[in-house]
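Residue numbers start from 1 in every chain, and the chains themselves are labelled A, B, ... in the order their sequence lines are given, proteins ahead of strands. Just the heavy atoms: all of them, side chains too, but no hydrogens, waters or symmetry mates, feed the values below. Since the model is a prediction, treat every value here as computed from it, not as a measurement.
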Amino acid sequence: MHRLGAMADAPSSDIPTMRYSAELARDIELRWQDFWQTNGTFETPNPAGPLADPDAIADRGEKLFVLDMFPYPSGKGLHVGHPLGFIGTDSFSRYMRMRGRNVLYTMGFDAFGLPAEQFAVQTGQHPAITTNENIANMRRQLRRLGLSHDTRRSVSTTDPEYYRWTQWIFRTIFEAWYDVDADRARPISELIDEFAAGARAAPDGAVWSDLSGVEQARIIDDHRLAYSAEAPVNWCPGLGTVVANEEVTADGRSERGNFPVFTRNMRQWMMRITTYADRLLDDLELLDWTDAIKTMQRNWIGRSEGATVHFASDAGPISVFTTRPDTLFGVSFMVLAPEHPLVHELTADAQRADVAAYQKAAAAKKDIDRTDDTRDKTGVAIGASAINPVTGKPIPIWIADYVLMGYGTGAIMAVPCGDQRDFAFAQTFGLDIPAIQQPSDAWFESRGLAPTLDATAWPEAHIGDAPYVNSANDSIDLNGIDQVATAVAAINSWLEAHGHGEATVNFKLRDWLFSRQRYWGEPFPVVYDDDGIAHVLPEDMLPVVLPETDSFAPRTFDADDADSNPESPLDRLDDWVHVELDLGDGVKSYRRDTNVMPQWAGSCWYEMRYLDPTNDERFVHPDVERYWMGPRTDERPDHPGGVDLYVGGVEHAVLHLLYARFWHKVLFDLGHVSSREPYARLFNQGYILANAFKDERGIYVDALAVEQVGDDAFTFEGSPVTREWGKMGKSLKNSVSPDEMYDAYGADTLRLYEMSMGPLDASRPWETRDVVGMYRFLQRLWRNIVDEDTGEVIVTDTEPDDETERMLHVTIEAVNTEMSHLRFNTAIAKLIELNNHLTKLDSVPRRVASSFALMLAPVAPHIAEELWHKLGNDGSLAHTAFPQADPALLTADTVEYPVQINGKVRGRITVATDAPSDEVEAAALVEPNVARTLDGKAPRKVIVVPGRMVNIVA
RNA sequence: GCCCGGAUGGCGGAAUUGGCAGACGCGACGGAUUCAAAAUCCGUUGUCCUAACGGACGUGUGGGUUCAAGUCCCACUCCGGGCACCA
């Protein structure tokens with residue numbers, strides 16, 4: 001028995017009991033996490049509302065709102081790639097708190113969406129149960145990381161007390177219209193008043209008071225910022241729901257599930273985001289975002305300036321949008337999209353069969369085929385013509401699938417000499433290619449061609465500035481002009497003066513399709529009366545709670561069945577759909593809207609609910625919003641307001657970030673928020689990548705079980721596998737869970753490793769074997785301050801020597817600079833350098849150890865708290881002032897200069913820091929190796945850069 | 001095709017306004033400790049030449065500006081991301 005006991009103890013008996021091991025780290029970390037929670041260390045006071053604490057606000061410094069893109073609470077659990085951004089924001093929040101800022105930092109959950117619903121469909125368990133279990137699990141995993149969240153402020157988009165306000169915002173948007181003259185949204189009641197008072201003319205010359213209630217309602221509905229309309233939408237039979245443009249991939253499939261998407265006309269809810277196109281574009285200038293994201297948003301909004309031109313035809317005027325109205329004299333045919341509404345009326349009887357066949361073929365084509373610009377041009381003449389307004393001559397009308405119904409007017413004027421697509425089309429079908437610009441001789445020369453105005457001989461269209469020819473009629477003459485911009489201005493005034501068109505701005509951005517035929521989303525707070533008029537429910541009837549059911553699945557169809565129709569799960573709940581309500585004019589029966597909102601709805605405004613999460617009177621108290629998000633005009637006069645730092649992945653460049661800006665601007669226009677933009681500064685963190693391995697069949701194998709057998713050779717269970725890079729995840733079988741890291745090293749080591757791998761905005765490969773480096777750093781630090789056998793501190797109360805003192809202050813200075821700029825990798829390197837220096841000392845002075853603990857706290861908070869405590873301090877260091885360097889201690893008495901000859905270092909000299917340049921020069925010239933290399937020759941020139949280096953030109 | 005990024009040792013990455021290229025970490029090599037191993041600690045580590053002192057070369061490629069270039073300019077190659085028949 002004694003022997004067995006001794007043997008059991010043997011393996012650990014050599015290791016000192018108070019060494020910084022994974023077990024000790026775990027003990028320290030769990031203890032401090034409890035301490036923070038018990039003491040409300042990270043609870044942040046508000047200036048007003050339920051969380052108001054004006055005294056605490058007065059005690060703290062300037063506010064700082066730090067925000068992560070909130071996660072979807074997946075049931076699969078976290079891998080080490082997920083929390084990269086969270087560790088960054090936490091370290092920054094902790095640092096800024098120690099710099100005296102009043103930091104708001106918390107995390108909620110974006111919990112509506114497909115995975116929970118699909119899980120519910122498979123198991124019959126209500127998605128709310130699954131979601132809440134997943135949230136609880138994720139909270140536990142994130143807590144173990146030691147994130148300094150104000151947990152009182154956490155929200156979930158699926159909580160009725162949260163989506164009550166999502167519905168309230170929908171209601172607010174529904175009850176608003178865009179006043180183009182004022183260039184802002186206004187309450188719809190003001191529009192009704194203007195119609196009623198005659199201040200605004202009703203459409204089609206109608207007299208407002210003569211219209212019936214239904215007629216009035218329809219006119220009003222046409223102005224609402226949220227409206228339901230019959231419109232071309234993206235129908236995805238495989239998912240059983242419609243999806244937004246932004247959720248369709250370039251090859252015409254659904255982002256979720258990768259099913260084919262078909263364009264169909266259906267009645268759906270839309271948001272009039274297009275009214276904000278110019279402001280969404282212009283206000284990008286005010287944002288501290290990367291150019292990459294701004295460019296993506298600009299491309300998505302797709303503003304282009306040009307003109308609308310009307311061409312007369314037998315079916316009335318056909319309008320086209322063009323960015324090059326200056327080329328109107330070169331128009332030799334017109335092309336309509338196959339779906340253009342005038343095609344049917346214009347088509348000559350002889351062409352009907354061909355046109356119908358082409359239309360059918362185009363409709364059946366997937367978008368990927370239709371938008372492949374390398375494909376040969378196809379099209380059919382419809383046997384009709386239109387009149388070119390500048391020449392008065394008839395031009396043939398064709399249909400072709402390179403013209404898209406969804407952009408501009410769905411019709412183009414074709415200028416083959418000035419547009420490559422039109423040029424290719426004209427060549428394919430032998431159409432005229434009149435030249436209207438004289439390209440330069442150089443243009444012809446580079447194409448191996450003698451200058452000619454016979455454009456059929458050109459190898460391609462000419463695009464850009466060149467003198468105009470053949471471009472005059474009785475009332476306009478462009479000939480001789482050589483700038484496109486000049487010609488555009490001239491022709492635009494002519495078009496307007498003669499009623500043939502007008503200058504126009506066109507956008508690629510479409511209105512936002514806002515309804516989905518699913519279960520697990522926010523119900524619309526909308527009912528329909530017997531006339532089919534939509535009524536939004538009053539505030540006091542919110543929330544409209546998602547009804548209970550045990551049938552969560554929308555009806556899905558064969559993925560290629562374009563003719564199927566959506567059937568929402570809520571449609572089936574008759575008891576819920578049919579309601580008796582009093583909306584102010586007595587109890588009547590209504591039918592509920594059975595759509596739900598898209599997943600983006602809840603994330604359009606969540607940052608504001610963090611501000612005032614328990615307010616049951618408003619979505620956020622105005623004073624609270626102004627305090628945390630109001631414009632910081634002291635920083636710069638055009639500051640738009642919003643979150644001070646928003647960290648997340650680049651994948652939300654156009655979806656979430658565009659929708660949230662739109663909602664925020666509507667709320668701003670209507671006076672509900674003081675900020676024009678939700679996110680003043682956006683930082684895109686990189687991804688953690690990992691090796692993934694495929695076997696000979698192309699199947700991914702467990703990356704952890706792969707062995708390296710050569711420089712670039714790997715095997716799995718003895719068979720060769722090939723390596724590739726990918727995002728860490730289940731599908732590539734290369735996940736590493738944070739739990740494994742906690743068990744092996746502890747949370748502080750994991751945090752340090754993730755922050756030290758590289759800059760926060762760069763993607764970097766995960767290497768489990770590298771993690772040990774940060775573990776060793778913490779062990780060395782621990783050993784420098786704590787006796788590994790007794791656990792007692794071993795610091796001395798003597799003052800540090802000069803070198804240590806200077807190094808401490810240099811480190812303090814550098815760490816402050818690096819951490820303020822989110823450069824934790826270099827901040828950590830500086831701390832390691834200081835620690836390596838301390839390791840060489842006989843003992844560490846207490847003052848240095850204390851400063852070290854404070855500097856380490858943002859990135860490795862648990863061990864820092866423990867050391868701080870052991871060094872004799874009470875409570876948490878979370879609000880203790882971060883060390884500040886004494887400028888007088890940053891420089892030494894002497895400084896070492898490298899001495900270069902012709903740019904190559906030949907020696908080093910050490911001189912007094914304040915030595916004048918001529919003294920430095922003199923010292924440099926007598927340095928033995930320098931003198932030897934010069935070999936007695938006089939230098940031609942000597943450059944002394946004070947404090948840096950000496951270069952001798954020999 | 002267009003628009004953004006990027007390229008530095010065996011690996012991840014450092015390097016204010018042009019001013020010592022390779023901080024810091026991993027790995028590798030050598031040593032200490034150990035019966036041995038793991039863990040831990042100490043040292044070396046861009047490549048090449050040299051016994052050594054020292055020297056040559058070196059930041060994707062080719063030019064240029066400069067006393068001095070990873071950094072600035074011109075031309076190009078490759079890699080990553082976004083957009084794309086948008087009139």
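Taking atom C1' on both nucleotides, B/A23 is separated from B/C78 by 28 Å, rounded to a whole Å. If you take atom C1' in B/G60 and the same atom in B/U71, they sit 16 Å apart, rounded to whole Å. The gap from the C1' atom of B/U77 to that of B/C41 amounts to 47 Å, rounded to the nearest Å. When the C1' atom is compared between B/G70 and B/A14, the two are found 12 Å apart, to the nearest whole Å. On the P atoms, B/G46 is 14 Å away from B/C11, given to the nearest whole Å. Atom name P, nucleotides B/C20 and B/A15: the rounded distance is 13 Å, in whole Å. Rounded to a whole angstrom, the distance from the P atom of B/U50 to that of B/A37 is 36 Å. B/C29 and B/G9: their C1' atoms are spaced 16 Å apart (whole Å).
Here the two rings, on A/Y753 and A/W766, have centers that are under 6.0 Å apart. For A/F429 and A/W398, the distance between ring centers is under 6.0 angstrom.
Between A/R303 and B/C86, a side-chain N or O to OP1/OP2 separation shorter than 4.0 Å is absent. The phosphate of B/G27 has neither OP1 nor OP2 within less than 4.0 Å of any side-chain N or O from A/R769.
Near RNA chain B, defined here as any heavy-atom distance below 4.0 Å, the residues from residues 828-842 of chain A are A/A829, A/I832, A/E833, A/N836, A/T839, listed numerically.
Closest contact between the side chain of A/S304 and the listed nucleotides B/G55, B/A87, B/G19 involves B/A87. Closest to the side chain of A/R948, out of B/G25, B/A21, B/U17, is B/U17. Proximity note for A/V905 (side chain, C-beta onward) versus B/C20, B/A15, B/G19: the nearest is B/C20.
Under 3.5 Å, the side chains of A/E651 and A/Y687 contain a donor-acceptor pair of N or O atoms.
Not counting sequence neighbours, A/E813 has no partner by the salt bridge (charged side-chain N to carboxylate O under 4.0 Å, His left out) test.
Within the 4.0 angstrom heavy-atom criterion, no nucleotide atom of any strand lies near A/R298. Across all strands shown, A/K904 has heavy atoms under 4.0 Å from sugar-phosphate atoms exclusively, and none from any base. As judged by a 4.0 angstrom heavy-atom cut-off over every strand, A/M949 is placed among the base-contacting residues. A/S763 comes within contact range of the sugar-phosphate backbone alone, with a heavy-atom separation under 4.0 Å but no base atom that close. At a threshold of 4.0 angstrom between heavy atoms, the contacts of A/R908 include nucleobase atoms, whether or not backbone atoms are also involved.
Checking A/N825 against A/I943, the closest nucleotide of RNA chain B that is more toward the 5' end is the one next to A/N825. Place A/V953 and A/R932 on RNA chain B by their nearest nucleotides, and A/R932 ends up nearer the 5' end.
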